[in-house]
2 protein chains.
Amino acid sequence: MKVLTKNTDYAIRALLALAAEKGRYLSAKSIAAGQDIPYQFLRTLLQEMIRHNLIVSKEGARGGFMLEKDPDTITVTQLIEIFQGKVQVSECMFRKQICGNRSRCVLRHEIMRIEQVVQSEFEKVTIGKLLRDLEAANRK
Amino acid sequence: MKVLTKNTDYAIRALLALAAEKGRYLSAKSIAAGQDIPYQFLRTLLQEMIRHNLIVSKEGARGGFMLEKDPDTITVTQLIEIFQGKVQVSECMFRKQICGNRSRCVLRHEIMRIEQVVQSEFEKVTIGKLLRDLEAANRK
DNA sequence: ATTAACTGATACTAAATTAGTATCAAATAA
DNA sequence: TTATTTGATACTAATTTAGTATCAGTTAAT
Ligand code: FES
Ligand code: FES
């Protein structure tokens, strides 16, 4: 079971690259090369992140992408929701056949509790935190 | 993002049905009908669970499947591992390009911590617990 | 003995999701 | 005016998930 798909994975890496160069425009090409992400794939991801107001872009020569938001406000949960949809354990695991009473289904509560845990764990992981961890590791 | 796939979902439901009738053989046909699971699909899942010693079977007329293990010892984590592979957040999210030092990669630790949380949450959910919740809900 | 109701084993197809590519128009800096 | 860059969007390929089909062998009941 793989929790993060490539697009989320790549998006995080791209954001880390942008966060590391905050205030400057980085081209998709340079990010792709630096992080070893397929160029055209990365471009679609960057555009998606623009739509969600995580980054901004400048067109034309010397253009590129830039992070404007505080990296500590961007969580992995947000990125999962953008690229993989909301965290859900199972659509509706035990239907009428088992549950009978969907409105106060105990199992459903169990399931939703876990969804909550997963979500909040990933919420603790922000781009800012990852970047600091990374820099700390590189200093060693 | 869907955490549980159909096979895990169906397997849990099948096990609940078997746990509810402990000591008796239930045919794949009756489980399929009762839980609204595609018959042939269910059969492959049941065989997989036999291979993993979660259930036993009896061939021939009046045969079927039976749960021998204590339902409280069967966790959803186990089932996820059987049907979806071990929980892993991402193969190796930030390779050499970012990480540099893979052996003591801080990010990797972060990732593995979350894997651990997810796993242990699902470990709390056993077939026994689900069955009791279910019965309690039905009594209402 | 024969037959109906079963599982064992395994191969196959279909649908959905994930991953990646390609193209062309428009913007901008040099 | 040209090289470099993003915007928009459509497309293909690979992989995973979901589901089906087949046939051999076992057992209980008649
Ligand atoms: S009714 Fe959907 S999980 Fe209970
Ligand atoms: S080296 Fe793989 S996550 Fe850091």
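Every heavy atom of this structure was used, including side-chain atoms; hydrogens, water molecules and symmetry mates were not. Numbered from 1 within each chain, the chains take letters A, B, ... in sequence-line order.
Phosphate proximity of D/dT9 to A/Thr44: absent, as no side-chain N or O sits under 4.0 Å from OP1 or OP2. The phosphate of D/dT5 (OP1 or OP2) has no side-chain N or O of A/Ser57 nearer than 4.0 angstrom. The phosphate of D/dT4 has neither OP1 nor OP2 within less than 4.0 Å of any side-chain N or O from A/Ser27. Put simply, A/Tyr10 has a side-chain N or O that comes within less than 4.0 Å of OP1 or OP2 on C/dG20.
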Might you work through the side-chain hydrogen bond (donor to acceptor under 3.5 Å, both in side chains) test for B/Thr8 and B/Gln84, ending with a clear yes or no?
CA-CA 8 Å; B/Thr8 308; B/Gln84 303 177 230; 2.6 Å; yes
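Taking a cutoff of 4.0 Å between a charged side-chain nitrogen and a carboxylate oxygen, A/Lys86 and A/Glu115 do not qualify as a salt bridge. One finds no salt bridge joining A/Glu68 and A/Lys22 here, because no Lys/Arg side-chain nitrogen approaches an Asp/Glu carboxylate oxygen to under 4.0 Å. Electrostatic pairing of A/Glu135 and A/Arg132 does not count as a salt bridge here, judged by no charged N lying under 4.0 Å from a carboxylate O.
Of the possible donor and acceptor atoms, none in the side chain of B/Glu59 sits under 3.5 Å from a partner among the backbone N and O of B/Gly64.
One interatomic measurement links the two molecules: CD1 of A/Ile31 to P of D/dT5, which rounds to 12 Å at whole-angstrom precision. In this structure, B/Gln40 places its CD atom 11 Å from C1' of C/dT7, rounding to the nearest Å. Taking atom CD1 of A/Ile82 as the reference point, atom P of C/dT18 lies 15 Å away to the nearest angstrom. Atom NZ in B/Lys6 sits about 13 Å away from atom P in D/dT17, given to the nearest Å. If you take CZ of B/Arg43 and C1' of D/dA24, they are 12 Å apart, rounded to a whole angstrom. We find that CG of B/Leu42 is positioned 16 Å from P of D/dA21, with the value rounded to whole Å. For B/Glu59 and C/dA5, the CD to P distance is 17 Å, given to the nearest whole Å. Atom P of nucleotide D/dA29 and atom NZ of B/Lys58 are separated by 8 Å, given to the nearest angstrom.
Across D/dG19, C/dG8, D/dT17, the shortest atom-to-atom separation from the side chain of B/Thr5 is found for D/dT17. Of the candidates C/dA19, D/dA8, C/dG8, C/dG8 carries the atom nearest the B/Phe65 side chain, counting heavy atoms from C-beta on. Distance from the side chain of B/Lys2 is smallest to D/dA18 among D/dA18, D/dT26, C/dT21.
B/Ile50 comes within 4.0 angstrom of sugar-phosphate atoms only, judged by non-hydrogen atoms across all strands, and of no base.
Closest-nucleotide positions on DNA chain D for B/Gly63 and B/Tyr39 were compared, and the one nearer the 5' end corresponds to B/Tyr39. Map A/Ala61 and A/Pro38 each onto its nearest nucleotide of DNA chain C; the residue landing nearer the 5' end is A/Pro38.
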